[in-house]
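Report on one structure; see the data block that follows.
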Protein chains: 2
Amino acid sequence: MAQTQTLSKNQKIILDIIEKAKEPLKAYSILFNVQKKGIKAPLQVYRALAKLIKLGKIHKVESRNAFVACQNSNCEISKATAFSICETCEKVTEISDQKLSKYLKNFHDKTGMIYKKYNLEFYGLCTTCKRS
Amino acid sequence: MAQTQTLSKNQKIILDIIEKAKEPLKAYSILFNVQKKGIKAPLQVYRALAKLIKLGKIHKVESRNAFVACQNSNCEISKATAFSICETCEKVTEISDQKLSKYLKNFHDKTGMIYKKYNLEFYGLCTTCKRS
DNA sequence: TAACAAACGTTATATTATAACACTATGATA
DNA sequence: TATCATAGTGTTATAATATAACGTTTGTTA
Ligand SMILES: [Zn+2]
Ligand SMILES: [Zn+2]
Ligand SMILES: [Zn+2]
Ligand SMILES: [Zn+2]
């Protein structure tokens with residue numbers, strides 16, 4: 001069963017808390033939230049995060065140093081990510097747009113560099129914040 | 001002369017060092033390099049960086065927490081940035097591609113969110129590292 | 001069961017970034 | 001010229017984010 005990669009105890013705990021969250025979570029806020037479950041040190045959190053990112057279960061929102069659960073199908077192991085971020089309320093949504101991802105996957109620069117991954121972040125005003 | 005926005009002393013010093021660098025510079029490496037010029041504290045660096053970013057003179061490479069001089073024409077005050085990053089040698093190049101930036105500027109998601117800015121980072125292997 | 005890889009727990013430390021406060025320079029404006 | 005607002009400065013302290021290094025445990029596979 002290579003598909004159903006079985007997660008370790010810490011990895012499960014931390015994935016669970018990220019999946020249940022409505023906003024991106026910071027590493028130390030995760031740490032705070034799992035201390036009652038026996039995870040006491042930053043490294044335990046960061047190690048689980050690293051593995052979950054590798055598996056495509058979560059993504060890091062680079063400009064925010066925060067982590068969100070993948071809202072697609074594990075994003076081909078996190079190779080191609082795009083987010084929209086509201087600069088007012090900090091709401092983050094993972095963009096799932098076939099055309100966009102196809103466009104970016106096929107993009108080549110002039111230098112001939114080989115791209116293995118990309119991360120795209122849009123910043124703006126969400127519809128809720130636009131109204132108010 | 002709204003064009004030739006005049007920079008302050010610290011801003012000039014720090015822009016200068018970033019422009020001369022061949023790689024992205026980290027804030028504390030900048031700090032180290034300007035201590036002989038009288039800039040002693042992190043905040044002095046971060047404040048100058050913030051202003052230079054606002055002016056589009058430099059950009060932050062989010063996934064690397066590092067700063068590079070704009071290689072375009074100040075990127076419309078930093079609203080639209082794209083980089084290619086070699087994961088082996090950490091070389092960073094600013095991508096200047098009319099089609100790409102037009103595509104991204106016109107991108108709209110399903111939610112109707114208004115995008116004011118974007119940042120795109122490609123990760124891969126540069127041509128030099130590909131050979132070796 | 002031996003061997004290996006992955007995960008774990010722990011302590012210490014490195015790296016990145018901001019808060020808060022008082023002061024100074026600059027330029028507009030009344 | 002007085003006064004006001006804005007931006008910039010210098011400084012100390014501290015917050016927030018992330019990794020190094022070590023030895024142990026667990027789970028898988030041969
Ligand atoms: Zn995803
Ligand atoms: Zn919003
Ligand atoms: Zn630029
Ligand atoms: Zn390279």
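Below, chain A is the first sequence line, B the second, and so on; all start at residue 1. Worth knowing before you read on, the calculation uses all heavy atoms, side chains too, and leaves out hydrogens, waters and symmetry mates.
A/Leu52 has its CG atom 14 Å from the C1' atom of C/dA6, to the nearest Å. Summarising the geometry, the separation between CG on A/Leu49 and P on D/dA18 is reported as 9 Å, rounded to the nearest angstrom. Going from atom CG of B/Leu7 over to atom P of C/dT26 covers 15 Å, rounded to whole Å. One can place CD1 of A/Ile13 at 14 Å from P of C/dA7, the figure rounded to the nearest angstrom. For the pair B/Gln35 CD and D/dG10 C1', the interatomic distance rounds to 14 Å; values are reported in whole Å. Separating the NZ atom of A/Lys9 from the C1' atom of D/dG27 is a distance of 15 Å, rounded to the nearest angstrom. One interatomic measurement links the two molecules: CG of B/Asn10 to P of D/dA7, which rounds to 17 Å at whole-angstrom precision. Here D/dT9 presents its C1' atom at 18 Å from NZ of B/Lys37, a figure rounded to the nearest Å.
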When you look at B/Tyr115 and B/Asp109, which way does the side-chain contact (heavy atoms from CB on, under 4.5 Å) test go after all the steps? CA-CA 9 Å; B/Tyr115 295 141; B/Asp109 69 4; 2.9 Å; yes
Which letter, B, S or -, goes with each nucleotide of nucleotides 11-22 of chain C from 5' to 3', with contact meaning a protein heavy atom under 4.0 Å? B----BBBBB--
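The aromatic rings of A/Tyr103 and B/Tyr103 sit parallel, their planes meeting at an angle under 30°, below the 60° perpendicular limit. Relative orientation of the B/Phe122 and A/Tyr118 rings is perpendicular, given thresholds of 30° and 60° on the angle between their planes.
At D/dT9, one or more side-chain N or O atoms of B/Ser8 fall inside 4.0 Å of OP1 or OP2 (strictly under the cut-off). Between A/Lys51 and the phosphate of C/dC8, there is no side-chain N or O to OP1/OP2 separation shorter than 4.0 Å. At D/dT11, none of the side-chain N or O atoms of B/Gln44 fall inside 4.0 Å of OP1 or OP2 (strictly under the cut-off). The side chain of A/Lys54 contributes no N or O atom lying less than 4.0 Å from OP1 or OP2 of C/dA6.
Taking a cutoff of 4.0 Å between a charged side-chain nitrogen and a carboxylate oxygen, B/Lys20 and B/Asp16 qualify as a salt bridge. Ion pair B/Arg64/B/Glu121 not flagged as a salt bridge, since none of the NZ, NE, NH1 or NH2 atoms sits closer than 4.0 Å to an Asp/Glu carboxylate oxygen.
A donor and an acceptor atom, one from each side chain of A/Asn10 and A/Ser8, are nowhere located under 3.5 Å apart.
For the side-chain contact (heavy atoms from CB on, under 4.5 Å) with A/Lys12, the lone residue among A/Ile17, A/Leu7, A/Leu52 that qualifies is A/Leu7.
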